[in-house]
Every structure is written in C-alpha cells, then in structure tokens.
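Next up is a structure, given as structure tokens.
From a predicted model like this one, the values you see are computed outputs, not experimental measurements.
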Amino acid sequence: MRFALPAYLFVALLSFSGISTASQSSELHVVSARVLLDGKEVMAPNMQLLAGNTAYVSLSDSEKKPLYSLELEILPELEIGTITGVGLRAVLWEGPFAKGTQRIAATLMLSPRPTGAVGPISAVEEDKSGGKVEIQIISHATRMVDTDSLAKDRKSCLNEQGEIAQPAGAETQSSGCCGGLCAPPSTNWYQCCNVTGCCVCGKCCIVP
C-alpha cells in the first residue's frame, strides 16, 4: 500500500528540525525516493541528510522483523564520464542491513540533470529469477543549515544483527535514530538513523 504524504506534513518536519536561516554554513539534502519490486512500491521514504553521513531507513513488520532496509549516502563530487555533480549511493536489502539479501546497489547522479530529462531519476537491476528492483528519486533539493545546531557525525547505527540499534518507537533519540508505527491500517514499523528527519509509510520523525 502506498501512503500519500501530505506536502504540509514534510514541510512541517523541515521547519522543526534545527534549520536556521541565520547561519547558512552547510547544505542539508532533502531526498524523496521510491523503492519498487516488480513494479510494486514497498517503501517511499522522504529524508533529510548531510553529505558524508550514511543514512539508514528500515521498514519492519508488526513484530519488528526487518522487511526492507535502505542505505543512502550523498556523494557531493560524483564523477560519471565527463560530468561531475551531486550523486547518491543507494543499497537496498531484503531483511536487515548487510545480513539480508542485497537486492540492488546503485549510484545515481542527482544534479546536474541531462538537458530535457523529465520524470524521476532511477536505477533498475534484474535478479537471477528475472525480478526487477528499482530505486526512484522523485525529488532532490538542498536547504542551508547551521551545522552547529545539528548532530555531528554519528556513531554506527547498526547492531550485530544488521538492524538499527535503537528499538523502533523508543522515546529517547540520543542515538541519532527515530521511528515509530506506520500510519493505520498498517501495523508495520519504520526507523531512520543518521538523518535529521524522515517520513516513511505515512508517518514522520525528527532527530534533535
């Protein structure tokens, strides 16, 4: 099931996540993505992340067993052929990070976009059984932030089982992670780490 995230909800998330217009010292990347398996959407996260930090987003079932785990990293100086720009490294796991089945590993150029290009930026891989896995970047934007108001480089987000270390829904956010229950009628859970905020499955959370 796809959850349509109201635009005002993500705007509200941005406004309460430590963004400062007075001290414009670093770029915060705002990325909206979709993950599709054989054309069916399984995850559609919206994330705020700084270049240099590896972001982790996971979707788990009602018993908090990881279903899909997405690893993202902004590449500020990606070179593809003769073009240098802002890129994104993306890895999708079915199950937990590194311990599950890797479904796709891709590097995409976010900007500059080719002249005349329309629609989402995407990468597609086909597995041995003929199934197709696709990562789409619906939108990418940057906002200037005061990095003093944001947490610096995080410690490892993952435990030995390849899961985000902080239990989903925990009130404390000292680990740099946040998450909770997905929007009804889903009984799934979502978690995010090494981001300043994210929206997944119809719900949002922020990291102080």
Closest heavy-atom pair and its distance - I135, I104
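Between these two residues, the closest heavy atoms are CD1-CG2, 3.6 Å.
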
Is the shortest heavy-atom distance from the side chain of M47 to the side chain of V30 under 4.5 Å?
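No. Closest side-chain heavy atoms not under 4.5 Å.
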
Do R34 and I138 pass the side-chain contact (heavy atoms from CB on, under 4.5 Å) test, and can you show the C-alpha distance, the side-chain angles, and the key distance before you say yes or no?
CA-CA 7 Å; R34 292 181 71 203; I138 305 302; 3.7 Å; yes

Backbone of Q191 reached by a side-chain donor or acceptor of Y56 within 3.5 Å:
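The answer is no, because no donor-acceptor pair under 3.5 Å joins these two groups.
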
Distance in Å, R89 CZ paired with I74 CD1, rounded so as to fall on 0.5 Å steps:
11.0 Å

To the nearest 0.5 angstrom, please state how far the CG atom of L108 sits from the CG atom of L75.
9.5 Å

Do side-chain atoms of S186 reach the backbone of N188 as a donor and acceptor pair under 3.5 angstrom?
yes

Of the options C204, S139, S32, which is the one that meets N46 in a side-chain contact (heavy atoms from CB on, under 4.5 Å)?
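Single pass found, and it is S32.
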
Basic-acidic side-chain contact under 4.0 Å: E160, K99:
no

Using side-chain heavy atoms (C-beta onward) and a distance below 4.5 Å, is L92 in contact with Q102?
no

Taking all atoms of both residues into account, what is the closest heavy-atom pair of V42 and L59, and its distance?
O-CD2, 3.4 Å

F97 versus E71: any side-chain heavy-atom pair under 4.5 Å?
yes

D38 side chain to G131 backbone, donor-acceptor under 3.5 Å:
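Not a single qualifying donor-acceptor pair exists.
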
When rounded to the nearest 0.5 Å, the distance separating CG of N194 from SG of C157 is 4.0 Å

Please name the pair of heavy atoms, one in C182 and one in K203, separated by the smallest distance, quoted to 0.1 Å.
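Reported closest heavy-atom pair: C-CG, 3.8 Å.
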
Heavy-atom distance under 4.5 Å between the side chains of T196 and V207, does that happen here?
no

Go through the steps for E73 and L88 under the test side-chain contact (heavy atoms from CB on, under 4.5 Å), then give the verdict.
CA-CA 6 Å; E73 181 184 5; L88 179 74; 5.8 Å; no

Under 3.5 Å: donor-acceptor pair, side chain of S69, backbone of G95
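Between the backbone of G95 and the side chain of S69 there is a qualifying donor-acceptor contact (under 3.5 Å).
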
Hey, can you tell me if H140 and H29 have their rings parallel, tilted or perpendicular (30° and 60° cut-offs)?
parallel

Are any non-hydrogen side-chain atoms of I137 and P120 less than 4.5 angstrom apart?
no

State, with a plain yes or no, whether a side-chain heavy atom of T84 is found less than 4.5 Å away from one of L78.
no

To the closest 0.5 Å, what do you measure between OG (S60) and OH (Y68)?
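Here the interatomic distance stands at 12.0 Å.
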
Once rounded to the nearest 0.5 Å, what's the spacing between atom CD of E94 and atom CZ of R103?
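The distance works out to 5.0 Å.
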
Let's test your reading of the model: do C192 and C177 have SG atoms under 2.5 angstrom apart?
no

Shortest non-hydrogen separation from W93 to G100 and the atoms involved:
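Residues W93 and G100, closest heavy atoms: CE3-O, 3.8 Å.
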
With hydrophobic residues grouped by side-chain heavy-atom distances under 4.5 Å, do M109 and L72 end up in a single group?
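Different clusters.
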
Do C178 and C205 have their SG atoms under 2.5 angstrom apart?
yes

Could you check whether any side-chain heavy atom of L158 comes within less than 4.5 Å of a side-chain heavy atom of I164, counting everything from C-beta outward?
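Side-chain contact under 4.5 Å: yes.
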
Nearest 0.5 angstrom please: M144 CE to E27 CD, how far?
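One finds 5.5 Å between CE of M144 and CD of E27.
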
K65 versus L67: any side-chain heavy-atom pair under 4.5 Å?
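Sidechains of L67 and K65: no contact.
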
Run the salt bridge (charged side-chain N to carboxylate O under 4.0 Å, His left out) test on K64 and E163 for me, step by step, so that the C-alpha distance in whole Å, both residues' side-chain angles and the decisive distance to 0.1 Å come before the verdict.
CA-CA 10 Å; K64 301 182 182 178; E163 301 171 355; over 6 Å; no

Show the nearest heavy-atom pair for residues P66 and P96, with the distance to one decimal.
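Looking at all heavy atoms of both residues, the closest pair is CB-N, 3.8 Å.
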
Using every non-hydrogen atom in the two residues, find where R113 and G119 come nearest and quote the distance to one decimal.
NH2-O, 2.6 Å

Between L70 and V35, is the side-chain contact (heavy atoms from CB on, under 4.5 Å) condition met? List the steps.
CA-CA 9 Å; L70 183 62; V35 178; 4.2 Å; yes

List the steps and the verdict of side-chain contact (heavy atoms from CB on, under 4.5 Å) for Y190 and C199.
CA-CA 9 Å; Y190 74 98; C199 295; over 6 Å; no

